[in-house]
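One structure is given below, encoded as structure tokens.
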Amino acid sequence: MCGIVSYIGPKQAYPLLINGLKRLEYRGYDSSGIALINNDGLCVYKSKGKIADLEENVKNKNIEGTIGIAHTRWATHGEPNNVNAHPHFNETMDLALVHNGIIENYDTLKVMLKKNGYHFQTETDSEVLVQLIDFMRKKPRTNLLKAVQLALASVVGAYAIVLLDKNNPNQLIAARKSSPLVIGIGDNEYFVGSDATPFLDFTKKVIYVGDEEVVVIPRRGDIMITTLDNTKVDPIVQHIEMDITALEKGGFDHFMLKEIYEQPESIMDTMRGRINVEDCYLQLGGIMDYKEKLINAKRIIIVACGTSWHAGLLGEYLIENLARIPVEVEYASEFRYRNAPIFADDIVIAISQSGETADTLAAIELAKKKGATVLGICNVVGSSIARATNAGSYTHAGQEIGVASTKAFTSQVTLLILMSLMIADGKGILEKNQKKALIQELMRIPEKIRKVLEKAPEIQRMSEVFTFARNFLYLGRAYNYPVAMEGALKLKEISYIHAEGYPSAEMKHGPIALIDKETPVVFIATTPSNHQKNISNIQEIKARQGRVISIILEGDEEIKRLSDFYIEIPDTEEEFTPLISVVPLQLIAYYIAVARKCNVDQPRNLAKSVTVE
Ligand code: M6R
């Protein structure tokens, strides 16, 4: 969702900015733009569509300049077109601004500015912000820094901004609130990004800009950080560990496919250093200080969105089943507004791949305000959620670029398994043998996933049969119910086919009305404890001419006979089954989307990190 990259230094800015924008493509966008200062003054180029369209647009134009700001926009206010794309500028066209986030009171501010003689070219909230900075600048004794501080102090909402001043080509000004912004410190040069990916080739030395902080970035010398009321803040320089090769497709057609195939390794990475089979040792370092609190918790509340919410639902099944603590799973977006009772002895676990999801962040703030302990499960190191929580554990799944989450999901579930086992162990619920057997089996999961991945050609052939289906139903029981929802979400996200995930037994309470020979039903039937019930459900579907694609345990001849198509997966402990059963569903969604010629890695309307409400 919206990406920012900016540069100031000795090099030509344009190629760095364009490559940086390409690195941010994974976030999802519908237009892009760039502003540079050169002999022609302030040059702003914007294009609807892909970055390639922007590159086409600037052909034969002046793209010189060693300072510049660039942006990929994901439309919130005003349709995606050349005018609404960023950068936006003030009326005299000497200030240019890129903005991520939403200015909630932009309407009121716009009315005030219009009364003061300002005119607007776009429908965006971001143009209001740059005009507001211009307005503030006209106050007596107000330089640009103060104007930015004053403007941001009157804004309600979220922002990450970078500002370029035509009359000062030796300085950028950046600021943020509730929307991520990171500064890269290179060799006599600075970068700014909504994350570090645009400038990883040049530096791994970064400063994460704090909430309501304004940063003056000079061409030479040190940056200066202040709060909105002009109090100086000491910059904290950090080193990030991010592998640049992880950003490449590594021979796969799409990032999503690469990430599906990475799951055996990413799951191992989630477990690495946290379990020791020989000594039956199991520890999550990041939350050690809260282990006792977790063991004695009366209630755990999990907050998350989308795929992370599905992992959270599995967290409920796991923690309740293994560790016997009541768990509630909340959509972060609902939790923040529905005035739920939250108590100081509650433990809230926030799950997020990106660590930047606005709704999840807001739910965390609310829980903290009520005195609850908030723990995070995040993938992106140093992300806003990782920093906002009291403590947490990283999933270490590696960078996930495909908008549709795959390896992040299985790593989140792995971490929730580890957490459940750790609590259960701490409570003395698990016998030593039982614990050892579970840990040993968990270590076998990556190999079992590899066996499923070997079936990809077969899954592709089967998926292509359903290229033109209009509706899909996904059904699963117990641990496979969240998996059914996750499979349905994957399909609708990337193939634009309508799909619903339901608990199998709920079928007869409504969805059964949808079943006919045109509606494929993906039935996840890998839980032996419900075998007979699964058979009955499949028979009910067949009796209504439904076409059944079943996910079954190897050698389940009974369900095989009943199914139109089946995919066999290796057996495991029921608690771990989602880690394996979700893989064929990811592949089904992927191959159907490819057959429908959809943009798998950047599906329409979606963004990788949803930093607005
Ligand atoms: O980064 P997060 O895990 O907080 O993101 C939450 C959702 O936006 C995300 O899972 C979304 O549903 C994905 N597109 C799923 O594939």
Side-chain angles (χ1 to χ4, degrees), residues 208 210-211 236 238-241 269-276 279-304 308 311-312 314-316 318-320 322-330 332 335 342-357 360-397 411-430 435 438-439 442:
Y208 291 103
D211 254 356
I236 301 171
Q238 302 187 31
H239 286 261
I240 44 165
E241 294 306 327
D269 288 342
T270 306
M271 296 193 282
R272 206 176 302 287
R274 291 168 166 164
I275 47 184
N276 179 320
D279 313 335
C280 228
Y281 160 91
L282 203 153
Q283 220 54 283
L284 289 172
I287 55 171
M288 275 322 287
D289 291 350
Y290 293 86
K291 189 173 167 185
E292 281 309 305
K293 260 197 163 174
L294 270 168
I295 290 169
N296 297 312
K298 299 219 169 36
R299 171 170 86 149
I300 292 175
I301 303 171
I302 297 179
V303 292
S308 299
L314 281 166
E316 175 182 14
L318 287 161
I319 297 171
E320 291 196 343
L322 293 168
R324 312 306 298 160
I325 299 173
V327 179
E328 286 168 25
V329 188
E330 300 265 0
F335 181 69
I342 308 165
F343 305 110
D345 59 355
D346 282 333
I347 296 197
V348 173
I349 301 176
I351 308 178
S352 173
Q353 186 287 129
S354 63
E356 303 296 347
T357 302
T360 311
L361 258 171
I364 291 169
E365 293 310 330
L366 175 73
K368 284 199 327 200
K369 214 150 82 197
K370 303 275 180 180
T373 300
V374 186
L375 305 179
I377 294 182
C378 285
N379 193 36
V380 177
V381 177
S383 55
S384 302
I385 291 178
R387 285 176 287 130
T389 42
N390 296 107
S393 288
Y394 286 115
T395 43
H396 297 310
S411 281
Q412 288 166 342
V413 176
T414 305
L415 198 58
L416 286 160
I417 290 172
L418 297 181
M419 197 183 267
S420 313
L421 291 175
M422 185 185 84
I423 306 172
D425 190 32
K427 290 180 91 153
I429 294 174
L430 289 179
K435 184 172 134 192
L438 284 170
I439 291 178
L442 196 53

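Leu284 places a side-chain heavy atom less than 4.5 Å from the side chain of Leu415. At a threshold of 4.5 Å between non-hydrogen side-chain atoms, the residues Ile347 and Tyr290 do not count as touching. Between Leu418 and Leu442, some side-chain heavy-atom pair lies under the 4.5 Å cut-off. Residues Thr389 and Ile385 have side chains in contact (heavy-atom distance under 4.5 Å, counting atoms from C-beta outward). At a threshold of 4.5 Å between non-hydrogen side-chain atoms, the residues Met422 and Leu294 count as touching. Between Leu416 and Ile351, some side-chain heavy-atom pair lies under the 4.5 Å cut-off.
Applying the side-chain contact (heavy atoms from CB on, under 4.5 Å) test to Glu328 and every residue at least two apart in sequence or in another chain returns Arg299, Glu330. Every residue two or more places apart in sequence or in another chain was checked for a salt bridge (charged side-chain N to carboxylate O under 4.0 Å, His left out) with Asp345, and none qualifies. Under the rule for a side-chain contact (heavy atoms from CB on, under 4.5 Å), the partners of Ala388 that lie at least two apart in sequence or sit in another chain are Leu361, Ile364, Glu365, Lys368.
Other residues, nucleotides and ligands place more than 12 heavy atoms under 6.0 Å from the NZ atom of Lys427.
A distance of 11.0 Å separates NZ of Lys435 from CD1 of Ile275, quoted to the nearest 0.5 Å. Taking CG from Asp269 and CZ from Arg274, the interatomic distance works out to 10.0 Å, rounded to the nearest 0.5 Å. To the nearest 0.5 Å, atoms SG (Cys378) and CD (Gln412) are separated by 9.0 Å. In this structure, the separation between OG on Ser420 and CD on Glu316 is 11.5 Å, given to the nearest 0.5 Å. Expressed to the nearest 0.5 Å, how far CD1 of Ile423 lies from CG of Leu322 amounts to 9.5 Å. With values rounded to the nearest 0.5 angstrom, Ile319 atom CD1 is found 4.5 Å from Ile300 atom CD1.
The backbone N or O of Thr395 sits less than 3.5 Å from a side-chain atom of Thr270, completing a donor-acceptor pair. A distance-only check finds no donor-acceptor pair linking the side chain of Gln353 to the backbone of Ser308 [under 3.5 Å]. Asn379 contributes a side-chain N or O that, together with a main-chain N or O of Ala397, makes up a donor-acceptor pair within less than 3.5 Å.
Looking at every heavy atom in both residues, Val380 comes nearest to Ser354 through CB-O, 3.3 Å. The shortest non-hydrogen separation linking Leu366 to Phe335 is CD2-O, 3.7 Å. Nearest heavy-atom pair, Val348 versus Ala367, reported as atom, atom and distance to 0.1 Å: CG2-CB, 3.8 Å. Closest approach of Gly426 to Ile295, counting heavy atoms only: CA-CD1, 3.6 Å. Closest of all the heavy-atom pairs between Ala297 and Ile325 is O-CG2, 3.7 Å.
There is a side-chain donor-acceptor pair under 3.5 Å between Ser384 and Glu356.
When Val329, Val413, Ile417 are each tested for a side-chain contact (heavy atoms from CB on, under 4.5 Å) with Leu314, only one passes: Val413.
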* To do: Under the side-chain contact (heavy atoms from CB on, under 4.5 Å) rule, what do Asp346 and Lys370 come out as? Steps first, then yes or no, please.
  => CA-CA 9 Å; Asp346 282 333; Lys370 303 275 180 180; over 6 Å; no
